[in-house]
*Asks:* 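Below is the structure I would like to discuss, written out as structure tokens.
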Amino acid sequence: MPALRAAELREHAVRGRERTIVVTALAVSSVVVVLMALGFWMFFINVLSDPVSPGIVGMRIDGDAVTVKAGQCPQDRVRRVEVWDSDTERLIWRGDGPLTEEGRSGLLPLWDAKAYGTASAAARPSELPKTLDVSIDHGPEYGVEEVFDIAKVRAADLPPGSYWTRDGVRTARQLDGIPYCGGSGAP
């Protein structure tokens, strides 16, 4: 094998260093891309699974009166409430634009057309479905929804001003204290 000249040795060493730099740069870039993709994925999963102001919805039934209370931040206002039969997935009542400050703040009488700017003409069914899906729209940012087992709501021992929730009996004040309100300090 012939001896390499000094210029060839230098060129060989430079190419080796260039290859090392390229391989290192590709490896670092790949790690950065993977970490960025993971970061974006975690961000979007977190955003999609944790809405801006998640709340819990409570229900109480007093005779023929059915009332729900949506936990919400002080600046939020209810725009619409819908009641669905969970078994048939059929809309059975809707109220838009609650007329009272209590209604706009999440205390919503169902099947009470006088409490809303517009409401569907449907009267409260004589027999409520086994499960009701109540959806409350607070605007373009978010809404809350809960499915209620009517037998459980009726069986709950509810003191005045309290509501049955999936997490147990809560007062209206407790429900309003649950959402994260972006540092605005829930009551």
Side-chain angles (χ1 to χ4, degrees), residues 46-125 128-187:
N46 185 40
V47 166
L48 294 176
S49 67
D50 189 17
V52 173
S53 184
I56 294 179
V57 181
M59 177 183 277
R60 70 177 296 121
I61 300 173
D62 298 304
D64 287 341
V66 180
T67 308
V68 294
K69 170 61 180 142
Q72 63 187 39
C73 298
Q75 71 273 13
D76 295 332
R77 294 293 172 252
V78 171
R79 293 171 41 167
R80 171 182 290 163
V81 59
E82 294 179 338
V83 182
W84 298 77
D85 180 336
S86 296
D87 293 333
T88 63
E89 297 183 13
R90 181 177 59 92
L91 179 66
I92 55 178
W93 187 80
R94 181 174 89 196
D96 291 297
L99 297 175
T100 66
E101 184 56 32
E102 284 181 326
R104 288 185 293 274
S105 296
L107 185 58
L108 303 161
L110 305 181
W111 291 285
D112 182 359
K114 293 180 280 183
Y116 299 88
T118 58
S120 60
R124 180 185 176 275
L128 291 174
K130 286 175 50 176
T131 54
L132 285 179
D133 185 342
V134 178
S135 174
I136 300 166
D137 180 15
H138 289 93
E141 290 83 28
Y142 79 101
V144 292
E145 185 172 352
E146 188 65 59
V147 177
F148 293 97
D149 180 327
I150 297 304
K152 287 182 181 179
V153 175
R154 284 193 168 129
D157 183 24
L158 300 173
S162 296
Y163 303 85
W164 183 91
T165 73
R166 66 178 181 263
D167 297 330
V169 177
R170 305 274 178 134
T171 65
R173 186 173 180 89
Q174 289 170 323
L175 288 169
D176 284 334
I178 291 171
Y180 171 71
C181 295
S184 66

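As the structure is a computational prediction, the values presented were derived from the model and not from experiment. Positions are given from 1, in the same order as the sequence printed here.
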*Asks:* I'd like to check the side-chain hydrogen bond (donor to acceptor under 3.5 Å, both in side chains) partners of Trp164; sequence neighbours left out, ordered by chain and number.
*Replies:* none
*Asks:* Using side-chain contact (heavy atoms from CB on, under 4.5 Å) as the criterion, list what pairs up with Pro160, not counting sequence neighbours.
*Replies:* none
*Asks:* Roughly how far, to the nearest 0.5 Å, is CG of Asp167 from CG of Leu175?
*Replies:* 9.5 Å
*Asks:* For residues 65-75, which residue pairs qualify under salt bridge (Lys or Arg N to Asp or Glu O under 4.0 Å), counting only residues two or more places apart or in two chains?
*Replies:*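 Sorted result for residues 65-75: Lys69-Asp176.
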*Asks:* Can Val78 and His138 be said to form a side-chain contact (heavy atoms from CB on, under 4.5 Å), step by step?
*Replies:* CA-CA 5 Å; Val78 171; His138 289 93; 3.8 Å; yes
*Asks:* When rounded to the nearest 0.5 angstrom, what is the spacing between CG in Leu128 and CG in Leu110?
*Replies:*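 Reported to 0.5 Å precision, the distance equals 9.5 Å.
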*Asks:* Can you tell me how far CG of Asp64 sits from CZ of Arg124, rounded to the nearest 0.5 angstrom?
*Replies:*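 The distance works out to 5.0 Å.
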*Asks:* Can you confirm whether Ile92 sits close enough to Leu132 that some side-chain heavy atom of one is under 4.5 Å from a side-chain heavy atom of the other?
*Replies:* yes
*Asks:* Can you tell me how far NZ of Lys130 sits from OG of Ser86, rounded to the nearest 0.5 angstrom?
*Replies:* 11.0 Å
*Asks:* Could you give the side-chain donor-acceptor pairs of residues 102-109 under 3.5 Å, partners two or more places apart or in another chain?
*Replies:*
from   : atom 1 : to     : atom 2 : distance (Å)
Arg104 : NH1    : Pro98  : O      : 3.2
Arg104 : NH1    : Leu99  : O      : 2.9
Arg104 : NH2    : Glu101 : OE1    : 3.4
Ser105 : OG     : Glu101 : O      : 2.9
Ser105 : OG     : Glu101 : OE2    : 3.3

*Asks:* Over 60° means perpendicular and under 30° means parallel, so classify the ring planes of Trp111 and Trp93, tilted if in between.
*Replies:* tilted
*Asks:* So do the side chains of Glu82 and Val134 get within less than 4.5 Å of each other, counting heavy atoms only?
*Replies:* no
*Asks:* Hey, does Tyr163 have a side-chain heavy atom less than 4.5 Å from the side chain of Arg170?
*Replies:* no
*Asks:* Does the side chain of Asp85 come within less than 4.5 Å of Pro125's, by heavy atoms?
*Replies:* no
*Asks:* Just distance, no hydrogens or angles: give the donor-acceptor pairs under 3.5 Å from side chains in residues 145-158, sequence neighbours left out.
*Replies:*
from   : atom 1 : to     : atom 2 : distance (Å)
Glu146 : OE1    : Arg166 : NH1    : 2.3
Asp149 : OD1    : Ala151 : N      : 3.0
Asp149 : OD1    : Lys152 : N      : 3.4

*Asks:* Mind checking what makes salt bridge (charged side-chain N to carboxylate O under 4.0 Å, His left out) contact with Arg94, not counting sequence neighbours?
*Replies:*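 Here the qualifying residues are Asp96.
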